[in-house]
Trainee: 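Here you go, one structure.
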Amino acid sequence: MNFSNHTSTLMNNVISPPLHPTETKVGFTFAYITIFVISLFGNSVGLQVVVSAKTPSKRITYLLIKNLAVADLILTLTVMPNSVWFMYFDHNRWFGGTMGTITCKLFVYAMAVSIAASVITFTIISIDRFFVIYYPLKLTLFQKHKTITMIIWSVSLLAITPYLLLFKVKKLGDYYVCLPVWPWSKNIIETYLVMRAFHIFGFIVFYALPLLITAVVNCLLARRVWFHKSSGNASSNRALTAARRKVIRMLAIIVVGFALCWLPCYINHYFMFFQPAVFKKIPIAVWTFNFWLSHANSAINPLFYIVLNRRFRKAFLDALTVLFAFPCRVVSHCMSYFT
């Protein structure tokens, strides 16, 4: 009976969650607009830098930025607008019919795929750096960046396939909502158990395990690159070591940023699926901030590129110059008619 009550509490929060106060809506609307603009602009510039590079296939940094930028742009264009929509309507209102079902599934699917692609990207690149530094002549797969990119997105698309089955459009009263309903469940408790199991799977496969792998690998890389003495030409070794340190430093910072930003989101999920009665007592502003912080990671990543990559920093500053120069030229042109 207690389990059934907790299940009902959870599903009621999913279908008809508590209302967001006006000040919460206004504050987080501005917060989402801020990270939306930064993420859209920053990741677009990062992608443009990679695409326009003359020899991107030879730079592991470009592979990292390219895949993370694409994943962050998908999240920016799906999750962020949906989160603002959710605050004002307090549930995932949708539209009915075949197109409603298709868009509901694809929308949620795209959000999850973008997160999976980000995690798989920095995990594979960590492994790539390990083989390059420890076994430079024994593995050639990681030198084929197109192959790596195909693997990253193929695994992400396949791993998140259950979302296509789990979500559907359901009519509640006079409106439709996009919500999880397991097709083979006989009651709401079975859907609850499926959701809980899938979130456990997501936490292990797309958070805990990748972070453990990258933490161990980066510690080994740091030990080798910072403390190992190389033989051969001193000047060339110094240049190679400096380049490797830059990549390892950038990768480590991106991984730490991801871990810190997404941890509060997984804490939210823990209370939602294991302690729903406790989750209901958490202030709305707190759990909304936890979700916002995880989404803000897509805007934080381009800031890392700016600080840590000189080429990206120059491209970003050039884009800002063009962006702000355009309205100035428009104003100047309009003023010329009156002088």
Trainee: For T123, run the side-chain contact (heavy atoms from CB on, under 4.5 Å) check against V255, V217, T214, I152 and tell me which one passes.
Mentor: T214

Trainee: Would L68 and N43 count as a side-chain contact (heavy atoms from CB on, under 4.5 Å) here? Give the steps.
Mentor: CA-CA 8 Å; L68 287 181; N43 286 299; 6.0 Å; no

Trainee: Relative to the ring of W287, is the ring of F279 parallel (under 30°), tilted (30 to 60°) or perpendicular (over 60°)?
Mentor: tilted

Trainee: Donor-acceptor check, side chain of Y207 to backbone of A259, threshold 3.5 angstrom: yes or no?
Mentor: yes

Trainee: How are the rings of F206 and F201 set to each other: parallel, tilted or perpendicular (split at 30° and 60°)?
Mentor: perpendicular

Trainee: Answer with yes or no after comparing the ring centroid distance for F107 and F167 against a 6.0 Å cut-off, counting only values under it.
Mentor: no

Trainee: Crowded around K105 NZ? As in, over 12 foreign heavy atoms under 6.0 Å?
Mentor: yes

Trainee: Tell me if the centroids of the rings in Y270 and F274 come within less than 6.0 Å of each other.
Mentor: yes

Trainee: Applying the ring-ring contact (aromatic ring centres under 6.0 Å, His included) test to Y266, which of F273, F271, F203, F258 qualifies?
Mentor: F203

Trainee: Please lay out, stage by stage, how W262 and I115 fare under the test side-chain contact (heavy atoms from CB on, under 4.5 Å).
Mentor: CA-CA 10 Å; W262 280 94; I115 299 169; 3.3 Å; yes

Trainee: If the plane angle is over 60° it's perpendicular, under 30° parallel, otherwise tilted; pick one for F28 and F289.
Mentor: tilted

Trainee: Which label fits F291 and H295: parallel for a plane angle under 30°, tilted from 30 to 60°, or perpendicular past 60°?
Mentor: parallel

Trainee: Take the angle between the ring planes of F316 and F41 and call it parallel below 30°, perpendicular above 60°, tilted in between.
Mentor: perpendicular

